[in-house]
Amino acid sequence: MSKEITPKGEDYSQWYLDVVLKAELADYAPVRGCMVIRPYGFAVWEAMQADMDRRIKETGHLNAYFPLFVPKHLLEKEKEHVEGFSPECAWVTIGGGEELEEPLAIRPTSEAMICTMYAKWVKSWRDLPVLINQWANVVRWEKVTRPFLRTTEFLWQEGHTLHATEREAEEETMRMLGMYRDFYQEVLAVPVVPGRKTDSEKFAGALRTYSVEALMGDGRALQGATSHNLGQHFATAYGIEFLDRDQQRALPWSTSWGASTRMIGGLIMTHGDDSGLILPPKVAPYQVVIVPIPPRKGDWNEAVLPKCREVAALLRGAGVRVHLDDRDTQQPGFKYADWEMRGVPLRIELGQRDIEGSQCVLVRRDTRAKENVPLGGLAARVGEVLPALQRDLLERARRFLAENTRRVSSYDEFKQVMADRRGFLVAGWCGSADCEARVKQETRATIRVIPLDGASPSGPCVRCGQPATAEVYFAQAY
RNA sequence: CGGGAUGUAGCGCAGCCUGGUAGCGCACCUGCUUGGGGUGCAGGUGGUCGUGGGUUCAAAUCCCGCCAUCCCGACCA
């Protein structure tokens, strides 16, 4: 395996691909636009999934599973939804060697299927709310794909809920947006800007769409997760009705919210460096890797390995995910580079000299700082450094976000900054779709979000000069 | 779907202009060597040159078609 990767500064997008492939997170598959998530990458996904699944359940949701195929007539029930998704649908038209009477879409999202079932299940106000989540794969026939960031098939979770009132639905939408924000920050160490999408960017069929937006190392924004208040659109289209307390027929309000394997792309681009990936301890498949240092050929197995095994067991006992790299076919220097590429947060070097001094060398992946740690205090020290590293990654990413979020007052300044440095530009917007479209055409930047905690607009619309209705975040998006 | 480029070993490339037994680096295998930041040396395995046709005694090389991939735009989690 060649270990050289393209430096970030030379070609960011090549750097990203190099990390994905050389850290063995994923590989290209022999199918257009699809990737294989390799064991190391899948372990990262599983760690993310486990944490998010817990959060989803703690907020009262239950997991279920719905079919992959969506009959054409069901997908077509909600007009805006079908118009939004039909261009990127894959269709199955033959089954068992015979042409199907009705084509089946491979789900691009599951509103159609799930709402159809909800229409069967919900009869009374006592059946509400319905709080269901699904972990699944979906297919969207994208024209341009990149590993994790945009693939034809991807893995995600999609929550689908029904509520008796608009207020409850909006609360749910915001609760899950907050869940995503917290997950990004606490688990992935990625700071995000939560906010509402403009009409042109909202989900096909939604009343309102919210998202969390992160800023990547090249100054482009990545939509991290979305939460939609679907209003009564889907209940109407799929005939979901219930009798309320007053014995009146009523339409429930629905929400949906999702986050995908794209998060792994965001993780790579937020923390990685020219030596490869840097994983936050909370999602690292291995939080610590132990590299034994053989003193002389032949006797390292007797001298060093038992001590390394002892240290590994000690740390495992303290709840740390440890890997002992006992390959006797690779040299220490090779292993350092290898595990740095894969982003393991902490490395322990342990050789004869350390055993004699009853210590080891502890090295942080992010700063490469080395320290000698007495073996007696190792578990405690690791227990301090892992959370510190997690915090420092978030802190560093927050600084980057702050340094690359600029308030601009004139359109000339807007165009200038968007051309040289990109990042988030905060500016007034008059609320017209026309201004939004022109800015996109002229600068390739779109309105990522109207921030939730947005100050009331202080100036005019950055493009047309009319009074602004909001201060919004602009960026070029992935 | 428009504009540009590229398809030769697992990966990265040379060879093509000027047709004549398919090569280099990395990876992989074997042996020795080395071992606290990607050891070194020697030997070796592996390719219907994207694909179909044409020209020719002879095609990776020249000509035509097709396919695929990548980059830049329009669409998107």
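Throughout, a chain's letter reflects where its sequence line sits, starting with A, and its residues are numbered from 1.
- Rounding to whole angstrom units, CD1 of residue A:Ile293 and C1' of B:G38 are separated by 13 Å.
- When the P atom of B:U69 is taken as reference, atom OH of A:Tyr28 falls 12 Å away, rounded to whole Å.
- Comparing B:U61 with B:C17, their C1' atoms are spaced 9 Å from each other, to the whole Å.
- For residues 131-158 of chain A, there are no salt bridge (Lys or Arg N to Asp or Glu O under 4.0 Å) pairs, not counting sequence neighbours.
- Within 4.0 Å of A:Gly351, counting heavy atoms only, lies at least one base atom of the nucleic acid.
- Using a 4.0 Å heavy-atom cutoff across all strands shown, A:Val361 reaches at least one base atom of the nucleic acid.
- Across the P atoms, B:A58 and B:U21 are found 15 Å apart, a figure rounded to whole Å.
- For residues 204-230 of chain A, the ring pair (Phe, Tyr, Trp, His ring centres under 6.0 Å) pairs, not counting sequence neighbours, are A:Phe203-A:His228.
- Donor-acceptor pairing under 3.5 Å is lacking for the side chains of A:Ser227 and A:Thr173.
- For A:His61 (side chain) and A:Ile56 (main-chain N/O), a donor-acceptor pair under 3.5 Å exists by modelled atom type.
- To the nearest angstrom, C1' of B:A27 lies 14 Å from CG of A:Asp27.
- You'll find that the side chain of A:Arg353 is closest to B:G36, out of B:G37, B:U34, B:G36.
- In this structure, the separation between CE on A:Met48 and CG on A:Leu188 is 5.0 Å, given to the nearest 0.5 Å.
- No donor-acceptor contact under 3.5 angstrom links the side chains of A:Thr109 and A:Arg107, judged on distance only.
- One can place CD of A:Gln14 at 14 Å from P of B:C11, the figure rounded to the nearest angstrom.
- Across the protein-nucleic acid pair, A:Trp141 atom CH2 and B:C1 atom C1' stand 16 Å apart, rounded to whole Å.
- Although no hydrogens or angles enter the test, the distance criterion places a donor-acceptor pair under 3.5 Å between the side chain of A:Ser432 and the main chain of A:Cys435.
- Taking the P atoms as reference points, B:C16 lies 44 Å from B:U34, given to the whole Å.
- Here the C1' atom of nucleotide B:G38 and the CD atom of A:Glu349 are 14 Å apart, to the nearest Å.
- With C1' as the reference atom, B:C71 and B:G31 are 46 Å apart, rounded to whole Å.
- Between the side chain of A:Asp354 and the base of B:G36, at least one donor-acceptor pair of N or O atoms lies under 3.5 Å.
- The CE atom of A:Met35 sits 17 Å away from the P atom of B:U69 (whole-angstrom rounding).
- Checked by distance alone, A:Gln331 brings no side-chain donor or acceptor within 3.5 Å of a matching partner on the base of B:G37.
- For the atom pair CG of A:Leu425 and CZ of A:Phe414, the computed distance is 5.0 Å after rounding to the nearest 0.5 Å.
- Using Watson-Crick or G-U wobble geometry with both donor-acceptor distances under 3.5 Å, B:C28 finds its partner in B:G44.
- Taking atom CG of residue A:Asp328 and atom P of nucleotide B:U39, one finds them 14 Å apart after rounding to whole Å.
- Using C1' as the reference atom, B:G73 and B:U56 are 43 Å apart when rounded to the nearest Å.
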When every nucleotide of nucleotides 72-77 of chain B is labelled 5' to 3' by its protein contacts under 4.0 Å (heavy atoms), B for base, S for sugar-phosphate only, - for none, what sequence of letters results? -SBSBB
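- In this structure B:A74 sits in no base pair that meets the Watson-Crick or G-U test at under 3.5 Å.
- Applying the Watson-Crick and G-U wobble criteria (two distances, each under 3.5 Å), B:U6 pairs with B:A68.
- A distance of about 35 Å separates the C1' atoms of B:G46 and B:G4, rounded to the whole Å.
- With RNA chain B read from its 5' end, the first of the two nearest nucleotides for A:Ile355 and A:Arg146 is the one closest to A:Ile355.
- Considering all non-hydrogen atoms of both residues, A:Tyr184 and A:Gly224 come closest at OH-O, 2.8 Å.
- Nucleotides B:C72 and B:U55 place their C1' atoms 37 Å apart, quoted to the nearest Å.
- A gap of 7 Å separates the C1' atoms of B:C11 and B:A27, to the nearest Å.
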